[in-house]
Amino acid sequence: VQLQASGGGLVQAGGSLRLSCAASRRTFNMNVMGWFRQVPGKEREFVAAISRSYSSTNYADSVKGRFTISRDGARNTVYLQMNSLKLEDTAVYYCGAGGFDWYLRVETLVGKYDYWGQGTQVTVSS
């Protein structure tokens with residue numbers, strides 16, 4: 001099992017970043033891949049998720065219309081395109097993989113994911 005997040009960095013407000021989560025083939029084929037974020041002193045919070053079948057997606061209200069999650073089967077990689085970044089998007093971003101079925105609609109819950117990557121820091125400056 002392997003998840004490797006990358007693509008974080010320092011960007012000005014209004015700018016864009018694309019995060020990548022490279023997975024082993026086995027992990028990439030799990031039912032759900034998700035992105036979460038965490039700031040010091042707070043719990044990890046849901047950002048976006050995508051299902052293996054039909055590529056169904058879900059987003060946190062705070063990122064709808066700005067972030068896009070996608071998956072590339074040829075590269076075993078899940079992406080998070082982040083546009084119109086705001087100061088409050090500053091956090092460590094983690095990708096996770098879960099074996100639960102999408103129809104259960106629990107993709108927003110941290111505890112439902114089986115595996116996590118190491119996180120990548122995103123800092124948005126004014």
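Note that the structure is predicted; figures quoted are calculated from it, not measured.
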* To do: Answer yes or no: is there a side-chain heavy-atom contact under 4.5 Å between Gln4 and Gln118?
  => yes
* Asked: Do any N or O atoms from the side chain of Asn76 and from the backbone of Phe28 form a donor-acceptor pair under 3.5 angstrom?
  -> no
* Nearest-0.5 Å distance that lies between atom CZ in Arg37 and atom CD in Glu45 -> 4.5 Å
* Are Leu80 and Leu17 linked, directly or through other ILVMFWY residues, by side chains that come within less than 4.5 angstrom of each other? -> yes
* To do: Starting at OH of Tyr115, measure out to CG of Leu3 and round the result to the nearest 0.5 Å.
  => 9.5 Å
* **Side chain proximity check, Ser55 to Arg71, heavy atoms < 4.5 angstrom** => yes
* Drop me the distance from Ser24's OG to Met30's CE, to the nearest 0.5 angstrom. => 9.0 Å
* Asked: So, Asp89 and Lys86, do they make that salt bridge, N to O below 4.0 Å?
  -> no
* **CG on Asn31 to OG on Ser51, rounded to 0.5 Å** => 8.5 Å
* Any donor-acceptor pair under 3.5 Å from Thr90 side chain to Val124 backbone -> yes
* Asked: To the nearest 0.5 Å, what is the distance between NZ (Lys64) and CG (Asn58)?
  -> 6.5 Å
* Asked: Looking only at side chains, do Thr123 and Gln121 share a donor and an acceptor under 3.5 Å apart?
  -> yes
* Reported OG-to-CG distance for the pair Ser126 and Leu87, which is rounded to 0.5 angstrom -> 5.5 Å
* Determine whether Tyr79 and Met33 fall in the same hydrophobic cluster, where Ile, Leu, Val, Met, Phe, Trp and Tyr are linked whenever their side-chain heavy atoms lie under 4.5 Å apart. => no
* Kindly give the cluster partners of Phe36, where membership spreads through any ILVMFWY side chain lying under 4.5 Å from a current member. => Val32, Phe46, Val92, Tyr94, Phe100, Trp102, Tyr103, Leu104, Val106, Leu109, Val110, Tyr113, Trp116
